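Each residue takes its place number in the sequence, starting with 1. The model shown is predicted, which means the values in this text are computed figures rather than measured ones.
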Amino acid sequence: MTTAALRRPHLDTLAVTLLVLCCAFWGFQQSLIKIAAVEMPPLWQATVRFWCATALLWAWCHWRGIALWEKDGSLWPGLLAGGLFAAEFTCIYLGLQLTSASRLTVFLYCSPFVVAVLLPRVVPGETLRRVQWLGLLIAFGAMALAFSEGFLHGSPVAGQWRGDLLGLCAAVLWGLTTLTLRATVLSKLSAEKTLFYQIAVTAAVSPLVSLALGEAWGWAYSLTTWTSVALQTVVGAFASYLAWMWMLRHYPATQMSTFTFLTPVFALLFGMALLGEPFTWRLGLALAGVAAGIVLVSRR
């Protein structure tokens with residue numbers, strides 16, 4: 001059976017369930033990064049995380065008999081996807097040093113618009129209808145509202161506009177990664193090999209960025225920090241990303257992208273539960289707005 005025959009034109013119950021679970025963990029992951037960052041520098045965190053995730057994925061593929069090294073014409077598209085993925089994370093981490101997390105989040109989640117505009121040009125079946133565009137705008141507006149207070153307050157760090165620009169660049173890179181995964185030979189590969197390209201390249205790039213930033217490397221961290229990194233590795237960089245790659249192979253990427261608006265909202269919820277951050281009317285309205293937008297985008 002061909003990949004085209006396996007593709008679904010709409011998100012089904014399985015896809016919606018996996019997307020909500022992935023976004024929930026990605027929101028939780030932001031709290032995990034903050035908790036570990038007390039002891040462990042961010043890029044060094046990312047380095048350890050992607051080194052371990054690459055090794056874990058290689059072991060998984062070896063156990064399952066999934067070929068990673070066969071010649072299938074995917075090398076250059078795979079390296080492109082990996083480079084885009086690594087560049088996105090680099091922009092995020094560098095941007096957070098120049099602007100507030102709230103501002104960067106709003107710019108980063110312009111990514112679904114990049115996917116919605118560019119992907120239909122190469123994959124006609126991904127075109128959104130007017131009501132779906134309306135849903136996309138509602139979801140983005142609701143998410144932006146949740147972060148509006150921090151966005152408007154700005155950042156005490158000089159060069160804020162550079163951080164905002166890096167956030168927007170990360171959004172474009174995220175969208176281009178999705179475009180590469182759907183519009184090249186990568187769309188016909190196993191989810192494991194597609195993910196391997198991305199995390200292996202990031203595992204090679206992230207230590208170079210960490211060293212360039214002058215981060216201190218070490219291993220003597222608390223159990224809390226190592227538990228955080230372990231969860232980021234096993235559930236985040238391995239299981240959840242593998243599920244995302246599998247869904248990109250079987251479901252419309254434009255509809256999937258809308259669900260990512262749940263991630264920052266979940267991050268606020270987990271921040272409230274774990275870090276003592278307050279619940280605001282903006283967050284409640286954002287939850288309702290994102291849900292409404294997702295319903296409009298996902299409707300048949």
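Listed here is the closest heavy atom pair of Pro41 and Ala216: CG-O, 3.5 Å. The minimum heavy-atom distance between Met247 and Ala15, with the atom names listed, is SD-O, 3.8 Å. Nearest approach of Ile33 to Tyr93, heavy atoms of both residues: CD1-OH, 4.2 Å. In this structure, Val106 and Phe140 approach most closely via the heavy-atom pair O-CE1, 3.6 Å.
Under the 4.5 Å side-chain heavy-atom criterion for ILVMFWY residues, no single connected hydrophobic cluster contains both Leu128 and Ile138.
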Quiz item: Could you go step by step and tell me if Gln255 and Arg8 meet the side chain to side chain donor-acceptor pair (under 3.5 Å) rule?
Solution: CA-CA 11 Å; Gln255 295 181 34; Arg8 284 79 158 176; over 6 Å; no
Practice problem: Start with the C-alpha distance between Phe89 and Phe50, add both sets of side-chain angles, then the distance that settles ring pair (Phe, Tyr, Trp, His ring centres under 6.0 Å), and finish with yes or no. | Solution: CA-CA 11 Å; Phe89 273 86; Phe50 284 109; 5.5 Å; yes
Exercise. Could you check Gln198 against Thr202 for side chain to side chain donor-acceptor pair (under 3.5 Å), going step by step and ending with a plain yes or no?
Key: CA-CA 6 Å; Gln198 293 172 84; Thr202 306; over 6 Å; no
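Tested against Pro77, the residues Leu181, Thr194, Thr184 include a single side chain to side chain contact (heavy atoms under 4.5 Å, CB included) partner, Thr184.
Among pairs with a residue in residues 172-182, those fulfilling salt bridge (charged side-chain N to carboxylate O under 4.0 Å, His left out) read Glu126-Arg182, at least two apart in sequence or across chains. Pairs of residues two or more places apart, or lying in two chains, never qualify as salt bridge (charged side-chain N to carboxylate O under 4.0 Å, His left out) while including a residue from residues 55-69. Applying the side-chain hydrogen bond (donor to acceptor under 3.5 Å, both in side chains) test to pairs two or more places apart or on separate chains, those with a residue in residues 13-27 are Trp26-Ser240. Residue pairs satisfying the side-chain hydrogen bond (donor to acceptor under 3.5 Å, both in side chains) criterion with at least one member in residues 66-89, sequence neighbours excluded, are listed as follows: Asp72-Ser74, Asp72-Lys193, Ser74-Tyr197.
Other residues sharing a hydrophobic cluster with Leu211 under the 4.5 Å side-chain heavy-atom criterion for ILVMFWY residues are Met40, Trp44, Val48, Trp51, Trp217, Trp219, Tyr221, Trp226, Val229.
Taking OH of Tyr109 as the reference point, atom OG1 of Thr105 lies at 7.0 Å (rounded to 0.5 Å).
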When the side chains of residues 111-125 are checked against the rest of the protein, which donor-acceptor pairs come out under 3.5 Å, sequence neighbours left out?
residue, atom, partner, partner atom, Å
Ser111, OG, Ala171, O, 3.4
Ser111, OG, Gly175, N, 3.4

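Trp174 is listed as a side-chain neighbour of Thr260, based on a closest heavy-atom distance under 4.5 Å.
Counting non-hydrogen atoms of other residues, nucleotides and ligands closer than 6.0 Å to CH2 of Trp58 gives a total of 12 or fewer.
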